[in-house]
Amino acid sequence: MAVEQTQIPQGLPTEKPAKIVGLISDTHVPVRARAIPKKVFAVFQNADFIVHAGDLVELAVIDELEQLAPVLAVHGNMDGPEVSGALPKLNSLKVADWKIGVMHDPNTLFGMGKMREIAKQNGFNVFVFGHTHNSSIKWEGKTLYINPGSATNPTSFLSRPSVALLRVTREAVTPEIIHV
């Protein structure tokens, strides 16, 4: 009787798993929303990092998100002294050789000029911003500009609450907006 053996072929490429970065902004808890929606926690459950692009209103938002993954955050224009005193205006982290920067409002109402300048000065490959409450993904050359929108308070009845995910490997950053 022959015994079956499984042979593992040599030289098969091994795909390295992507790091997952959750992006969130403009939560405004508890002023405009009682809490972060439960669906956000489901979307971020496999996140390696979470980036909050400001307008938290209370630092407790970071504590909640840190139950899932380490959080990098900045303060926004609606954050009071407790939050703005604890968080910087501009922050960044490096994931698989990609430098991800975050700022709440890099003068978004005046176009891309200031954002391009900030990204270039700081060597950002990805620039996360908030403030507008509208999600957007824009590639300019090799630089990604992404706004996850607001998880709790979109600006109009035409937009829905949203967050974003970045799947990051050494080779690529793949963004995705997710409605919650």
Side-chain angles (χ1 to χ4, degrees), residues 19-29 31-33 36 40 43-44 47-66 69-155 159 161-168 173-178:
K19 293 285 186 188
I20 306 294
V21 181
L23 307 178
I24 189 168
S25 187
D26 297 284
T27 47
H28 295 276
V29 172
V31 176
R32 294 185 187 170
I36 297 169
V40 170
V43 170
F44 288 172
D48 295 290
F49 305 99
I50 297 171
V51 173
H52 196 302
D55 278 1
L56 299 83
V57 180
E58 285 192 350
L59 289 171
V61 168
I62 293 174
D63 296 336
E64 275 191 83
L65 293 171
E66 281 186 334
V71 175
L72 179 85
V74 294
H75 69 80
N77 60 298
M78 299 299 288
D79 291 323
E82 178 190 3
V83 175
S84 60
L87 300 174
K89 182 176 182 176
L90 178 69
N91 212 339
S92 68
L93 76 152
K94 205 163 196 175
V95 179
D97 294 330
W98 297 86
K99 191 169 183 187
I100 302 169
V102 60
M103 178 183 241
H104 179 66
D105 178 19
N107 292 329
T108 54
L109 297 178
F110 299 104
M112 295 287 296
K114 186 67 174 173
M115 284 194 278
R116 281 186 201 103
E117 182 183 318
I118 293 166
K120 185 177 180 182
Q121 284 175 348
N122 292 282
F124 296 152
N125 306 107
V126 177
F127 192 38
V128 181
F129 62 100
H131 190 60
T132 66
H133 293 222
N134 289 315
S135 60
S136 66
I137 295 173
K138 181 176 177 75
W139 283 96
E140 281 196 359
K142 294 182 180 180
T143 306
L144 170 63
Y145 298 89
I146 184 166
N147 184 331
S150 173
T152 59
N153 189 248
T155 54
S159 52
S162 61
V163 294
L165 290 177
L166 297 176
R167 285 176 180 77
V168 183
V173 173
T174 307
E176 179 185 7
I177 301 293
I178 299 167

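Since we're looking at a predicted model, the values are computed, not measured.
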Side chains of residues 80-96: which donor-acceptor partners sit under 3.5 Å, not counting sequence neighbours?
from  : atom 1 : to    : atom 2 : distance (Å)
Ser84 : OG     : Gly80 : O      : 3.0
Asn91 : ND2    : Ala73 : O      : 3.4

### Task
Check ring-ring contact (aromatic ring centres under 6.0 Å, His included) between Phe127 and all other residues, then give those that pass, not counting sequence neighbours.
Phe124

#### Entry: Side chain proximity check, Thr143 to Trp139, heavy atoms < 4.5 angstrom
no

#### Entry: ring-ring contact (aromatic ring centres under 6.0 Å, His included) against Tyr145, all qualifying residues, sequence neighbours excluded
none

### Query
What are the two closest non-hydrogen atoms of Val57 and Asp79, and how far apart are they?
N-OD1, 2.6 Å

### Message
Restricting to non-hydrogen atoms, name the atom on Pro106 and the atom on Phe129 that form the minimum distance, rounded to 0.1 Å.
### Response
CD-CB, 3.7 Å

### Query
Cut-off 3.5 Å, side chains only: do Asn77 and His131 have a donor facing an acceptor?
yes

### Query
Quick one: do the Thr27 and His52 side chains pair a donor with an acceptor below 3.5 Å?
yes

### Task
Would you please name every residue forming a salt bridge (Lys or Arg N to Asp or Glu O under 4.0 Å) with Arg116, sequence neighbours left out?
Glu140

### Task
Would you check if Ser135 and Pro148 make a side-chain contact, meaning some heavy-atom pair closer than 4.5 Å?
no

### Query
Where is the tightest heavy-atom contact between Val126 and Ile146, given as atom of each residue plus distance?
CG1-CG2, 4.2 Å

### Query
What closest approach, in Å, do Ala151 and Val163 show between heavy atoms, and which atom pair accounts for it?
CB-CG1, 3.8 Å

### Message
Test of understanding: with salt bridge (Lys or Arg N to Asp or Glu O under 4.0 Å), list the residues that count as partners of Lys114, not counting sequence neighbours.
### Response
Glu117

### Query
So which of Val43, Leu23, Thr174 actually passes side chain to side chain contact (heavy atoms under 4.5 Å, CB included) with Leu165?
Val43

### Side-chain heavy-atom pair Ile50, Ile24 within 4.5 angstrom cut-off
yes

### Query
Which pairs pass ring pair (Phe, Tyr, Trp, His ring centres under 6.0 Å) with one or both residues in residues 73-103, sequence neighbours excluded?
none

### Task
To the nearest 0.5 Å, tell me how far Asn153 CG sits from His28 NE2.
6.0 Å

### Query
Does some side-chain heavy atom of Asn147 sit less than 4.5 Å from a side-chain heavy atom of Val128?
no

### Query
Heavy atoms, side chains only, cut-off 4.5 Å: are Val21 and Val168 in contact?
yes

### Task
Give a yes or no on whether Lys19 atom NZ has more than 12 heavy-atom contacts from other residues, nucleotides or ligands under 6.0 Å away.
no

### Message
Between Asn125 and Val173, is there a side-chain heavy-atom distance shorter than 4.5 Å?
### Response
no

### Query
Which atoms form the tightest heavy-atom contact between His104 and Ser25, and what is the distance?
ND1-OG, 4.2 Å

#### Entry: Closest contact, heavy atoms only, Thr152 versus Asp26
OG1-O, 3.4 Å

### Task
Could you grab the distance from atom CD1 of Ile20 to atom CZ of Arg167, nearest 0.5 Å is fine?
4.5 Å

### Query
Please walk me through it: do Val31 and Met78 pass side chain to side chain contact (heavy atoms under 4.5 Å, CB included)?
CA-CA 10 Å; Val31 176; Met78 299 299 288; over 6 Å; no

